[in-house]
Amino acid sequence: MLTVILTLAIIAGVFGLLLAWSAIRFKVEGDPIVDQIDALLPQTQCGQCTYPGCRPYAEAIAKGEADINQCPPGGEATILALADLLGVEPKPLNAEHGEEKHLPTVVRIDENVCIGCTLCIQACPVDAIIGAAKQMHTVVESECTGCNLCIPPCPVDCIHIVEVKPTVRTWTAELPDPGPVAPHAV
Amino acid sequence: MTEYALILLGTVLVNNFVLVKFLGLCPFMGVSRKLETAIGMALATTFVLTLSSVSAYLVNEYILAPLGLEYMRTIMFILVIAVVVQFTEMVVHKTSPLLYNILGIFLPLITTNCAVLGVALLNVQEKHGFLQSLFYGFGAAVGFSLVLILFSALRERIIVADVPEAFQGTSIALITAGIMSLAFMGFAGLIKV
Amino acid sequence: MTDTASITKNGLWNNNVALVQLLGLCPLLAVTGTVVNGLGLGLATMMTLVLSNSAVSLIRPWLKNEIRIPIFVLIIASIVTTIELMMNAWFHDLYLILGIFIPLIVTNCSIIARAEAFASKNNLLDSALDGFMMGLGFTLVLVVLGGMRELIGFGTLFSHAHLMFGEIGHSMTITFSEDYPGFLLAVLPPGAFIGLGLLIALKNVIDKRKAAAQTVVLQKVEAVSS
Amino acid sequence: MSIHDDKPTILRELSHFDGGLVLDGHKDLSTGKPVQPMPAVKQYIVPLQQHIGAISEPLVKVGDRVLKGQMIGRPGDLVSAAVHSPVSGTVTAIEEHAVPHISGLPDLCIFIENDFKDEWVKREPLGDEYNNRSSHQLRNLIRDAGIVGLGGAAFPAAVKQTEMNVHTLILNGVECEPYITCDDMLMREQAEQVLAGADIIGHVIKAQECVIAIEDNKPEAIAAMQAAVERDGTGFFRVQAVPTIYPSGGEKQLIKILTGREVPKGRLPAELNVLVHNVATAHAIHRAVYHDEPLISRIATVTGQGIAQPQNIEVLVGTPVKDCVEFCGGYTPQADELIMGGPMMGFSLPSDDTPLVKASNCLLVMAKDEIHYQQQHMPCIRCGHCVEVCPARLLPQQLYWYASSKNNDRVQEFDLFDCIECGCCAYVCPSDIPLVQYYRAAKTVIRQQERERKASDLARQRHEAHQARLERQKREREERLRKKREMLKDKEKGGEKDSKKAAIAAAIARAQAKKAEARKAQAGATEDKTAETEQEQSQDNTEKPTNP
Amino acid sequence: MIFKRTPSPYIKQNISVQQMMFMVLYALVPGALASFYFFGWGVLFNLLVAITVCLASEAIILRLRGRDVRHSLSDGSALITACLLALALPSLAPWWLVAIASFFAIAVAKQLYGGLGFNPFNPAMVGYIVVMISFPLQMTLWTAPMGVDGGWPDFMTTFNWVFLGKLPYDTTIDSISMATPIDLLKTQLSQYHDVFETRNNPEFSALFGSLSGTGWQWVNLLYLAGGIWLVKKQVVDWRIPVAFLASLLFIANLFAVMDYSTNSSALFHAFSGGTMLAAFFIATDPITACSTPRGRWIYGAGIGALVYIIRSWGGYPDGIAFAVVLMNMAAPLIDYYTRPKVYGKQDH
Amino acid sequence: MKSLFLQYRKSILSTTALLSVFAIIGALMVGLTYISTADDIRRNEELQLLKQLNTIVPAELYNNDLLSDTITIKPNTLLGTSEDTLAYRARKDGKPVAAVFSSIAPNGYNGAIHILVGVFYDGRIAGVRVVKHHETPGLGDAVDASRSDWILGFNNKSLDNPKEKLWKVKRDGGVFDQFTGATITPRAVVKAVYNALLYFNENREKLFASNGKAAGEKTADTPPISKSESSEAGNSKPGKATLEQQSHD
Ligand SMILES: Cc1cc2nc3c(=O)[nH]c(=O)nc-3n(C[C@H](O)[C@H](O)[C@H](O)COP(=O)(O)O)c2cc1C
Ligand SMILES: Cc1cc2nc3c(=O)[nH]c(=O)nc-3n(C[C@H](O)[C@H](O)[C@H](O)COP(=O)(O)O)c2cc1C
Ligand SMILES: Cc1cc2nc3c(=O)[nH]c(=O)nc-3n(C[C@H](O)[C@H](O)[C@H](O)COP(=O)(O)O)c2cc1C
Ligand SMILES: Cc1cc2nc3c(=O)[nH]c(=O)nc-3n(C[C@H](O)[C@H](O)[C@H](O)CO)c2cc1C
Ligand code: SF4
Ligand code: SF4
Ligand code: SF4
Ligand code: SF4
Ligand code: FES
C-alpha cells in the first residue's frame, strides 16, 4: 500500500514539477485566434451579434461564449468561413440577430432636413459622416458600412437606407440551376 | 526484421486501429472534415502515440513491474500520456509557432484518444519488448493516420454530395467509415497467425 | 441552462454524448455486439461519469490551468481502475468480454469532456446529475445499438444475460427464429459504423418531425391569437 | 526568367498545347461577300466602359455638339481607354442603358444623335513620320486614340505595349472560334495595312521580328498576308500557319504553339519576350497613325442561320445591334438566340437595343436547329472528358464540385483563375453541365469577397481610429474635469462663473453619455468611478435633447 | 424574335450520360451470354433478381425523396450496377442473397450519397462485399462450368434451389456446386499442394482450361473484347484497364518466375475470376475512380496490386471487389495529389 | 533557469503538491479497492479456467485439484506446438482419469487453430474445444463450440474408433462431417485431434507420472491456457513436471 502511494505521489510530483516549470518557461502571450476570427468578420460594427462591435464578438467566439451564427451582415459566407477556421459544423444564421441582407446598403442623409445636430457623427463607429455642428452632414458612401447605427439617434429622421445596386463592375454571377439532382451548398 | 514488418503490416492494414480495432474514433470522426486538419492531426498523433507507446513500456517495465504494481497501470499510463501531451503542447507552442498553428489545437485532444492508451495497454497484453512497442505504436499511428487522411479526403467529397437530409453530416460520415471498414476486411487473413 | 429539466434533456437527447457530440465512440462501437455487453459498459461508464463529475466539481477551487488535464485524468483513471477491479471481482464474465474497453473508459472522450465543459463550472449536485444523464443517454444508445446489431446479426436479444444478471439471465434471452442464418455484417465492425449512422439519421428525422410539429403548433397559436 | 537575346523565341517547328477541340468552323457562312461598310444611322449609343480597367470620365454634357472622332470620354485611370464620338451630332443623353455585358446590367452611355454632316475633328496624321517618334510619344497617341485589343478582352493597347524586353511581336490572326470571320476578312482585304500597323507596334516595343499566326483553315488570308510580307521584303514579318484546334487563338495557347514554352503562371508573355496582338488591333493602330483616326469603327461578323444575309460589316462603334441586323437582312424565322461573340465564348444579349462596342467581333444569331440548349443538367459523373480537353490543364470537374459547393478556398487552390473560360469542358461534358457558368459565378463571387474584405479592413482601421480617438478624448476630458474640480475647490466662493462651467461640464457629460450608449455594455465595464458618476448625473440632462 | 438568355457554349458534342451507360450495357452482352452458356440458369436468375431489386430500390428511394423517378431510372446506371453485380455473384446464389446485395448496392452505397454521381464507392462492389462477408458459404456456390463433368444443373433444379432452397432428393448442395479455379488453387496451395499437383490432379483437371479455368477463360476473353470496344468508343478511359492489367500481370509474373510451383501464372490471373470484367467495367466506373490522368494510372495499378495481394495471401478468394472499394476509398486523396500542373506551372 | 524557479517557486511548488495530493488520493482509493478485491479476482480467474476444463472433463469424474496437478510439455511436432505448454491431469482418488492438453492445427483456412484436447486414461476422447482461431465467421468458425455442436462429435472417439482410415471428413471418405462450403477447417481439426491422440498414446504414462511435490497442493499462481503465457508460468513454479521433447516420425 505504501509503495503504491509513494510511487504514485513521487511520479506525480515529478510530473507536476515538470509541467509547472514548463508552464512558466514556455509561457505564450496573446491569442492569435481572436485576430483570425476578427479578420473574418465584416467589420460593420453594427452590434447585431449582441456584442459591441466585431472584435468583442470575435473574443466571445474564441472563448466559446458565442456561437458562430450571430452576425447577420456577414451572413452565410462568414459562418462558413468561421466554421472552417474553427473546425465545427456550419449552421444557419440565427434569426434572433437579424436577417442577411442580400444587397449591401449604405445610408444617405437628406441634406435639406438635416439640422446639423452631430448625433449621427457620434454614433458612427467608422467616422463615415462628415460635417460640423449646426451644418448639414454628409455620409461618405465609400466608407459607410451600412450598420445603420446612425439612424436611431437622428432627431429629425433624415437618414435613409439606400441599397447599393450591382454594376457591371461589381456584379456577381449566379450559380446555374443545379438540375433535378441538386448538390447542396455546405 | 520480418517481425517488425509484420507488426507494421498488421497494425496498419489487417488490424487497423480505427476500422477494425475501434480505437481512436473520436478524433477520426472529429477532425476529418478538412484534409489539412486531418494531416495535422495525423502528424501530431503519430508523434505522441509513438512516444507514449515507448514511455509507457518503460514505465511498466522499470517501475510498475519491479514494484508489483501492475494494477496501477491504467493510472500510470494515462498520467504519462497526459504529461507527454501537455509538455509537447507547451514546448511546441513556445518554440515553433508555425508548427503550433498546424498541430496546436489537436494536441490536447490526443490525451483522450483511446488509441494512445490502447496501444500502451495492448503492448503489455501482447508482452511487447522495447522495439516491438516502438513499432507497434508507430504502426498504430500510421494506420490511424492513413485512414484519417483517406477519410477526410472522402468527406470533402461527400460534403458536396446530394445526401438525403436526415443522413447529412455525421450520419453519412459514419456510414462511409462503415464501408471503409468493409473494404478493410479484405485484408483479413493476410497475416496468418 | 443548469436546471434539472434541461440537464436531463441535454443528456438524453439534445446533446447526447454518442449521437450528437460523437464522443466515446470507441467503446460504443466495439462492445455493442449484444445488448448485454452494451448495457454492462454503459452502466460502468455512467458510474464513472457520475463519480468523476462529482469529484471534479468538488475540487473546482484547486484547479490550475497547466495541470488541469492531468488532474482530470488522474481522477478518472482512479475511478475507472476501481470500477475495473470491482467488475473483475464481481462480474468476471462480463469483465472478460468487455476486455480492454474497461480501462479505456479512462479515455472515453465524453468523460473528460464533461469534466471540462460542465463539472469544472457547476456545483456538485448539478454535476452529478449531468454525469448521470449523460451516462444514461450514452447507455441508452449502447443498448439500442447493441439490440439492433444483435437482432439483425444473430436474431436474438439479451443473449448472455446471465453474465450480468446471474442465473435468471438465461431465461431472459429472446430468440426470434431458431434457424435464422444470421447476418454477419451487423456484428462485424462495418455493421457497428453503419448502425450508428442509421441511429443518428433516425434522430435527425425525429428532430425534424418535432421541429415541424412545433412550427405547426406555433402557427396555430398565432392563428388563434390573431 | 532571363532574357535570351541570342536564342530564337519562335520555334521553326510548331509545338502544341494540351487539350483543345476540333470544331466545325461554319466560316463559309459569312465569307461570301467582301466587307460591307455600314451606312450611318440616326442614333449612336457609346458606353463609357468598353475596355478592361477604370470607366472613362465623360467630357461632354447633354446638349453639347460633338464632332466625329472627338474624344467624349477620357481615360479614368492609368489602365483605361478614351472613347470618341463615332459621328458628328448632338449629345442627347448621358444615362444608363443596356450594354453588351455578360451580366445583362445597364451601364453609363453617351447618346449621340447623328446630324449626318460627318464633320471630323481636326486631324493631323503622322504618317511615316512615326519612325522618328519615341515609343513614349507613340504610346500616347495610341492611348488617345482609344485603342484597345480587338481580340476579345479589350485591354488598352498602349498599356500592353509598355512591356519591356519584347523581341517578338505575334500577330494573332488565328480566329479559332467557329462562325467568326472578321479577322479573316480583314487580312484578306487589308493585309498591307495590318502589316503597317504591326510595324508601328514593332517600333513602339522595339521588336526584332513579327510572326503572323493564322489557322490553316484560312488559306486565302494566309496567301494575302504572305503576299504582303513578300512585298514588304524587310524580313521583319513571317506568316505562320497553325493547326485548326480550338482555342489556338488564346494568347497563352498560341504562345505555346509558337515558342514551345508556357507563360509562367501569374506572369505576362513578356516573360518569354513576346507580345501578342490581334490583327485588327494592328489595323486600328495603322488608322490612328496614318489617318489620325481614333478607334471608332471596326469590322464585325454578323452571322448564323438566324441572319438573312450573313456577312462582315465595317461598323461604327456605338451602332445599335438592331440596325446591324437590319442591314444584314434581318432575322430569319428560325432565329432563336442573339449572341455577342462566338458560340464557345460569347454571351447572349437580352435585347438588340444594345450598341456594338469596340470588342464586338461577332453578332451571332443562331437558329433553333444549330444551337444546343442547355437542358437541366445531370450530376457530374467524373468521366474526365473535360480534363482531357482543358487547354489550361485544369480539373474542370473538380472546379465544378468546389464551385457548386461554394468552397472558395479549394476552388482557388485548384487554379480557378487560370481558367480562360474557353468552354471546351462544357462542350464535351456528357452531363451537359454549364461548367463555365459555375466558374464565372465563383470568380465573380470571389472578386466580390475580395472587395468586401478590403472594405472591411478599411472599416476596421477606421473603427480602431475611432475607438482610439474616443479613448483619447475621454482621457483629456477627465483631465480637464479633474483640474476643474481642483479649481472649484480652490475658489469655493467665486460662484459667478460656475454656472457657465457647469453648463460646459453638462454638455461634455451629455456627449459622453451618447458615446457610452453607442458603445453599449462594454463601456460600463471600462469606465472608471468618476466617469460613472458623471454619467449618472448627466442622465437627466440628456433626456431633453434626445426627445425634442 | 424572342431574346433567350442561356449560357455559353452554344454548340455541343453529342454524347450523353445515358448513351454512355447503355454502351457499357451493350459491351457486357457477349461476356454475359458466355457466362450463361458456361454457368447455366443461375446467371439468368441472378440477373433477374438483381435488376428487379436494383430498379425497385432506386425507384422507391427516389420517390421517397421526391425526385423525378423516370428521369433518374432511365439513365441506365442502376441497370449497370444490377448487371455487374449479378454477373459477379456465384451462379447458385440464393435469390435473397442477390436481393440483399442489390439492395445494399443501390440503397446504401448509391442513394444514401445522393444517387448517380455522388457515391464515392462502387455500388455493385459494396453490395458484393456485404454478402461476401456476411454469407461466405453461399458465396462459394458456383456451378460446375459447361464442359466439366456433370456441367450445370437443369432449369428446375436451379430454380428450386435459387428460389425455394430445395434440392432434388438425395443431392446435397455440395454435389451440384463446385469451387472456382481461383478458389480451388488457393485452398490447395494453403494445404501445401503446389500448382502442378492441383492442375494435374484428375479430380480437378477438367476445371482448368488452357489459359485459366474451363469457361472462365472464354467469359474473360469476351469481356476483354467488349472492353476494348468501350475503350475505342472512349466511353471508358484506357488508362485504368491498362494500368490495372499491367500491374496485375507484372506482379503475378514476378512471383510466378520466382516460384512457379506455388504462384499461379500471370495468364491464369488475367483470365480467371472477374479480372477482365473488373478491368473494363468495374474499375472504370468513372464516378468512383480517380479522375485525373495521373491519378488513373495510380488507381488502376493500385487495384491490380491489391487484387494480387488479396488473391494470393488474403482470406477471400477473389480480391476484386475489395481491391476496387479500397482504391475507391483512396481516390479522392489520389485525385487531390495528382492534379496536373496547370498551364504555366510546369517547369521547363 | 534557476532564477526562474526561484521567482515562481510558490506557484511551482503548489502545482507539484497539488498533483501529488491527487495522485495520493487516487492511489489510496485504488490500492484499497485492490486489497479488498484481490482474493475475489484470483478466485474468479481460477474458476474461469476450471470451468473451461470442466466442459472437457466433467468435475464429477475427478477429485484432485486439476489446476495445480500439471505437467509441462515441451514443443512437439505431433501437437504442432513450438513452445512449452501445460497439461492438466485429472485423477480420482489418486488414479489417473484424464489429461487435458493443448494442440495446434497449423493448416486452418486462415492460419493456426488452437485447440484443447481432453483424453481419458483409456484413450477415449473426453472432449475437444477450440480456444483460438481465425476461421471465417459463418463458415469455418463452426468448429467453435459456441457456434455449433460439431466439435462434440469427437467425444468418446479413440485411435481405433473409428479406424485410422476413417479419421477424416466425409468428403475425404471419413466419418466426420464437414461444413458445406468449408472443408479445410474441419479437415485441419480432425487431423490435429488424431495427432493429439497419437501423442497421448505414446506418452500416456509419462503424462500421468506424478512429480515430487504432492499433487493436490494449491499454488498461488494459476497458469492460463493460452500458449504464450503458459510457458512463462509453467517453468518457474514448483510442483510441476516437465515432459521432454519427443521426436516422432
Ligand atoms: C479561348 C480564347 C480564344 C481566343 N481566340 C482568339 C482568336 O482566335 N483570335 C484572337 O485574336 N484572339 C483570341 N483570343 C484573345 C487572345 O487571347 C489575346 O487576348 C489577343 O490575341 C490579344 O490581342 P489584343 O490585345 O490585340 O486583343 C482568344 C482568347 C481566349 C481566351
Ligand atoms: C468483380 C467480380 C466480377 C466477377 N465476374 C464474374 C463473371 O463475370 N463471371 C463469373 O462467372 N464469375 C465472376 N466473378 C466471380 C469471382 O471470380 C468468384 O466469385 C471468385 O473466384 C470466388 O469464387 P468462390 O467464392 O466461388 O470460390 C466475379 C467476381 C468479382 C468479385
Ligand atoms: C470468404 C471465404 C471464406 C472461407 N472460409 C473458409 C473457412 O474458414 N474454412 C473453410 O474450411 N473453408 C472456407 N472457405 C471455403 C474455401 O474457399 C473452399 O471453397 C472450401 O474449403 C472447399 O471446400 P469444399 O471442398 O467443401 O468445396 C471460404 C471461402 C470463402 C469464399
Ligand atoms: C464505364 C462505366 C462503368 C461502370 N461501372 C460500374 C460498376 O462497376 N459498378 C456500378 O455499380 N456501377 C457502374 N457504372 C454505373 C454508374 O456509373 C454507377 O452506378 C455509379 O456509381 C452510380 O452513381 C458504370 C458506368 C460506366 C459508364
Ligand atoms: S453583427 Fe457582425 S458586423 Fe455587426 S458587430 Fe457583430 S460581428 Fe460585427
Ligand atoms: S454612416 Fe451610419 S450606417 Fe454608415 S457606417 Fe456610419 S453609422 Fe453606420
Ligand atoms: S465532362 Fe462533365 S461529367 Fe465528365 S467529369 Fe467533366 S464535368 Fe464531370
Ligand atoms: S473553360 Fe476553363 S476549365 Fe473549361 S476547358 Fe476552358 S480553361 Fe479549362
Ligand atoms: S472514445 Fe474517443 S477516441 Fe475512443
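Model, not experiment: these values are computed from the prediction. We name chains A, B, ... by the order of the sequence lines, and we start the count at 1 in each one.
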Report task. Can you measure from CG (B/L23) to SG (C/C26) and round to the nearest 0.5 angstrom? Result -> 5.5 Å

Kindly list each side-chain donor-acceptor pair under 3.5 angstrom involving residues 74-83 of chain C, sequence neighbours excluded, with atom names and distances?
{"unit_1": "C/S78", "atom_1": "OG", "unit_2": "C/L74", "atom_2": "O", "d": "2.7"}
{"unit_1": "C/T81", "atom_1": "OG1", "unit_2": "C/A77", "atom_2": "O", "d": "2.6"}
{"unit_1": "C/T82", "atom_1": "OG1", "unit_2": "C/S78", "atom_2": "O", "d": "2.6"}

**Report entry** Top contributor to chain B contacts, counting heavy-atom pairs under 4.5 Å, from C/V205, C/L202, C/L29
**Finding:** C/L29

**Report entry** Engaged part of C/L23 at the chain B interface, taking heavy atoms whose separation is under 4.5 Å
**Finding:** both

Query raised in the report: Residues of residues 185-196 of chain C under 4.5 Å from chain B (heavy atom pairs)?
Result: C/L185, C/L188, C/P189, C/P190, C/A192, C/F193, C/I194, C/L196

Query raised in the report: For C/K9, does the NZ atom sit with more than 12 other heavy atoms under 6.0 Å from it, leaving out its own atoms?
Result: no

Query raised in the report: Contact part of B/L19 toward chain C, heavy-atom cut-off under 4.5 Å: side chain, backbone, both or neither?
Result: both

Query - Shortest non-hydrogen contact between C/N204 and B/Q168, atoms and distance - result: ND2-O, 4.1 Å

**Report entry** For B/F135, all residues meeting ring-ring contact (aromatic ring centres under 6.0 Å, His included), sequence neighbours excluded
**Finding:** B/Y4

Query raised in the report: Listed by residue number, which members of residues 170-186 of chain B have a heavy atom under 4.5 Å from any heavy atom of chain C?
Result: B/T170, B/S171, B/L174, B/I175, B/A177, B/G178, B/S181, B/L182, B/M185

Requested in this report: Among B/T74, B/L79, B/I75, single out the residue with the greatest number of heavy-atom pairs under 4.5 Å to chain C.
Outcome: B/I75

Query raised in the report: More than 12 foreign heavy atoms under 6.0 Å from CD of B/E165: is that the case here?
Result: no

Query raised in the report: Quick one: of C/N108, C/I111, C/V73, who has the most non-hydrogen atom pairs under 4.5 Å with chain B?
Result: C/V73

Query raised in the report: Above 12 or not: heavy atoms from other molecules or residues under 6.0 Å from CZ of C/F183?
Result: yes

Report task. Inspect the surroundings of NZ in C/K208 and state if more than 12 heavy atoms from other residues, nucleotides or ligands are less than 6.0 Å away. Result -> no

